[in-house]
Amino acid sequence: MKDVNSDMPKKFSDQERELIRQKLLSEGRHQFETAGLRKTSVEDLTKAAGIAQGSFYMFFASKEELYYELLLEEEQRIRNAVLELFPPDAVCSKEGIKRFLSYSLRMMDESPLLRKMMDRGEMEMLFRKLPKAQLERNFSEDQEALLPIITSWQRAGILSGTPSESIVGMIRSLALLTLHKNDIGEAQYTATIELLVELLSA
């Protein structure tokens, strides 16, 4: 006989909350990378984390919110790796910009979590369920991270009269193409990205 209280949330200490949150993030990453957002349920996540299903909502408002939290973490990891390898002063020539863009796109393309976003249904499901404020947070973080590079470009006379928001939008637009590999076509994807990087670098 099923325990009627098995799905009821329980109170956790601060230490327990942090451990459970990290467990949900860890298990969520594994499930989302392998099965994707649509095929992963809240029940799958809570079973893996060893908590009642009702307790999930003490940590995240939805599985989409958990997924988005992981995406933000992944993007931050990639940004940190790229900016460590390409300090602002090293990205002021055509060749430097080309290497910077190519490496950034390759890092995104090699991420299992971001690769799952190549499924248009996954993206649409995620963006439909998330509050607008959460999506805007991502743009703000990109702009803040890229500002030193943009400032360095403009000091060197590159896009000096262009608002930084527009330059961030341009880089994000190129990055978003990595999520449309299936639409572009596997055979044409690499050549298309290389051509766009070459044009933007010029």
Side-chain angles (χ1 to χ4, degrees), residues 2-84 103-146 168 171-172 174-183:
K2 184 179 180 180
D3 183 353
V4 294
N5 294 318
S6 62
D7 288 335
M8 295 293 291
K10 58 170 282 190
K11 290 184 178 179
F12 300 106
S13 67
D14 290 344
Q15 184 178 12
E16 285 175 326
R17 284 181 64 86
E18 182 56 29
L19 287 172
I20 291 169
R21 190 175 190 281
Q22 292 305 316
K23 182 74 170 173
L24 284 169
L25 287 167
S26 173
E27 292 296 337
R29 177 179 286 274
H30 173 70
Q31 303 245 7
F32 292 141
E33 285 181 352
T34 53
L37 177 61
R38 284 178 297 175
K39 294 181 180 178
T40 299
S41 67
V42 170
E43 183 180 6
D44 293 331
L45 296 167
T46 52
K47 276 185 177 178
I51 60 172
Q53 194 169 337
S55 296
F56 177 86
Y57 301 99
M58 298 171 64
F59 300 89
F60 299 97
S62 64
K63 66 174 185 175
E64 288 80 16
E65 186 178 286
L66 170 56
Y67 192 79
Y68 192 57
E69 186 74 23
L70 288 165
L71 284 176
L72 292 178
E73 284 185 4
E74 185 69 354
E75 288 189 1
Q76 184 64 52
R77 180 188 71 81
I78 291 171
R79 275 196 297 261
N80 290 344
V82 171
L83 293 174
E84 184 177 345
Y103 183 76
S104 301
L105 294 171
R106 188 168 75 249
M107 288 279 288
M108 291 185 67
D109 191 42
E110 290 174 355
S111 164
L113 192 64
L114 293 177
R115 275 206 303 268
K116 275 294 178 184
M117 289 290 288
M118 291 177 192
D119 184 329
R120 182 178 291 173
E122 297 272 290
M123 279 193 293
E124 290 176 352
M125 181 178 179
L126 179 64
F127 294 152
R128 189 172 63 246
K129 294 286 185 73
L130 288 173
K132 185 179 178 182
Q134 281 185 295
L135 298 174
E136 288 174 347
R137 169 188 162 194
N138 186 225
F139 184 87
S140 298
E141 289 179 353
D142 279 346
Q143 184 169 344
E144 185 177 338
L146 291 169
V168 173
I171 295 172
R172 281 170 61 91
L174 181 61
L176 284 170
L177 284 178
T178 62
L179 307 180
H180 291 273
K181 180 183 285 189
N182 295 336
D183 297 321

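Just so we're clear, the structure is a prediction, and the values are computed from it rather than from any experiment. In this chain, residues are counted from 1 in sequence order.
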Report task. Give a yes or no on whether a salt bridge exists between E74 and R29, defined as a side-chain N under 4.0 angstrom from a carboxylate O. Result -> yes
Query raised in the report: Using 4.0 Å as the upper bound for N to carboxylate O, is an ion pair formed by R77 and E73?
Result: no
Taking atom [atom1] of [X] and atom [atom2] of [Y], what is their separation to the nearest 0.5 Å?
{"X": "I20", "Y": "T46", "atom1": "CD1", "atom2": "OG1", "result": "11.0 Å"}
{"X": "R172", "Y": "Q143", "atom1": "CZ", "atom2": "CD", "result": "10.0 Å"}
{"X": "M107", "Y": "L114", "atom1": "CE", "atom2": "CG", "result": "10.0 Å"}
{"X": "Y68", "Y": "E75", "atom1": "OH", "atom2": "CD", "result": "7.0 Å"}
{"X": "I78", "Y": "L113", "atom1": "CD1", "atom2": "CG", "result": "9.0 Å"}
{"X": "L71", "Y": "L126", "atom1": "CG", "atom2": "CG", "result": "6.0 Å"}

**Report entry** Partner residues of E144 under the side-chain hydrogen bond (donor to acceptor under 3.5 Å, both in side chains) criterion, sequence neighbours left out
**Finding:** none
Report task. Mind running side-chain contact (heavy atoms from CB on, under 4.5 Å) on L66 and F32 for me, showing each step along the way? Result -> CA-CA 10 Å; L66 170 56; F32 292 141; 4.0 Å; yes
Query raised in the report: Do you see a donor-acceptor pair shorter than 3.5 Å between the side chains of Q76 and N80?
Result: yes
Please report the closest heavy-atom contact between [X] and [Y], naming both atoms and the distance.
{"X": "A48", "Y": "K23", "value": "O-CE, 3.4 Å"}
{"X": "A49", "Y": "E27", "value": "N-CG, 4.4 Å"}
{"X": "T40", "Y": "A35", "value": "OG1-CB, 3.8 Å"}
{"X": "G28", "Y": "L70", "value": "C-CD1, 3.7 Å"}

Query raised in the report: For L174, which residues count as a side-chain contact (heavy atoms from CB on, under 4.5 Å) partner, sequence neighbours excluded?
Result: L101, L105, L177, L196, V197, L200
So [Y] and [X], do their side chains get closer than 4.5 Å, heavy atoms only?
{"X": "L45", "Y": "F60", "value": "no"}
{"X": "M108", "Y": "S111", "value": "no"}
{"X": "Y67", "Y": "K116", "value": "yes"}
{"X": "K129", "Y": "K63", "value": "no"}

**Report entry** Qualifying residues under ring pair (Phe, Tyr, Trp, His ring centres under 6.0 Å), relative to Y57, sequence neighbours excluded
**Finding:** none
Requested in this report: Using atom types as modelled and distance alone, determine if a side-chain donor or acceptor of D44 lies under 3.5 Å from a backbone N or O of S41.
Outcome: yes
Requested in this report: List the steps and the verdict of side-chain contact (heavy atoms from CB on, under 4.5 Å) for R17 and R21.
Outcome: CA-CA 6 Å; R17 284 181 64 86; R21 190 175 190 281; over 6 Å; no
